[in-house]
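Note sheet for the following structure.
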Amino acid sequence: MRTVALAVLVALTSVTACHPVRITPALRPGAHGPAVRDLQARLAQLHLFRHDPTGRYGTGTTRAVRTFQKEAGLSVTGAFAGADRSALRSRTRKPTHDELHHTGKIWDHGGN
């Protein structure tokens, strides 16, 4: 029995050494980059973010995230992490290049 337990432990150790678990940090005000741009584009799909994606997590993004969290029944923190990611991804699709890099109001589609 000990031999089997030891073999399992050794196998798990080598798997995690080769494939470490990735923990995606929470996005919060002050963050910037492609992950924020993706967040903004997804929130825009839900008509919660009504600006062009900038990749900067500012007041508008915080407000949109808080609204999303409230509507999804999540803890309203304004920071975007774990459960928020899962909930948003299940309600949106991967943003297109145009949605990520649009230079005109992406929420204004002919009066919609």
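- Judged purely by atom type and a 3.5 angstrom limit, Gln45 uses its side chain to pair as donor or acceptor with the backbone of Arg93.
- Of all heavy-atom pairs between Val65 and Ala79, the closest is CG1-O, 3.9 Å.
- Between Glu99 and Arg37 no salt bridge is recorded (no basic side-chain N to carboxylate O distance below 4.0 Å).
- Ring geometry for His97 against His101 counts as tilted: the plane angle lies between 30° and 60°, on a 0 to 90° scale.
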field: From CA spacing to verdict: side chain to side chain contact (heavy atoms under 4.5 Å, CB included), Thr67, Glu71
entry: CA-CA 6 Å; Thr67 300; Glu71 290 178 0; 3.6 Å; yes

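- Taking 4.5 Å as the limit, every side-chain heavy atom of Arg89 sits out of range of all side-chain heavy atoms of Lys94.
- Looking at every heavy atom in both residues, Phe68 comes nearest to Asp84 through CE2-O, 3.8 Å.
- Among all heavy-atom pairs drawn from Phe80 and Tyr57, the shortest one is N-OH, 3.8 Å.
- Closest of all the heavy-atom pairs between Pro29 and Gly78 is CD-O, 4.2 Å.
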- request: Apply side chain to side chain contact (heavy atoms under 4.5 Å, CB included) to the pair Arg56 and Val36, showing each step before the final yes or no.
  value: CA-CA 6 Å; Arg56 294 188 191 116; Val36 175; 5.6 Å; no

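- Between the side chain of Ser90 and the backbone N or O of Ala87 there is at least one donor-acceptor pair closer than 3.5 Å.
- You'll find the side chain of Pro95 reaches within 4.5 Å of the side chain of Leu100, heavy atoms only.
- Both Leu88 and Leu48 belong to a common hydrophobic cluster when Ile, Leu, Val, Met, Phe, Trp and Tyr are linked at side-chain heavy-atom distances under 4.5 angstrom.
- Atom OG1 in Thr62 sits 10.5 Å away from atom CZ in Arg28 (nearest 0.5 Å).
- The distance from atom OG of Ser75 to atom NZ of Lys70, rounded to the nearest 0.5 Å, is 14.0 Å.
- Listed for the Gln40 side chain is a donor-acceptor partner under 3.5 Å among the backbone atoms of Gly55.
- Between Phe49 and Asp52, the shortest heavy-atom distance links the atoms CE2-O, 3.7 Å.
- Summarising the geometry of Leu27 relative to Arg85, their closest heavy-atom pair is CG-NH2, 4.0 Å, with the distance given to 0.1 Å.
- Judged purely by distance below 3.5 Å, without hydrogens or angles, the side chains of Gln69 and Thr77 pair a donor atom with an acceptor atom.
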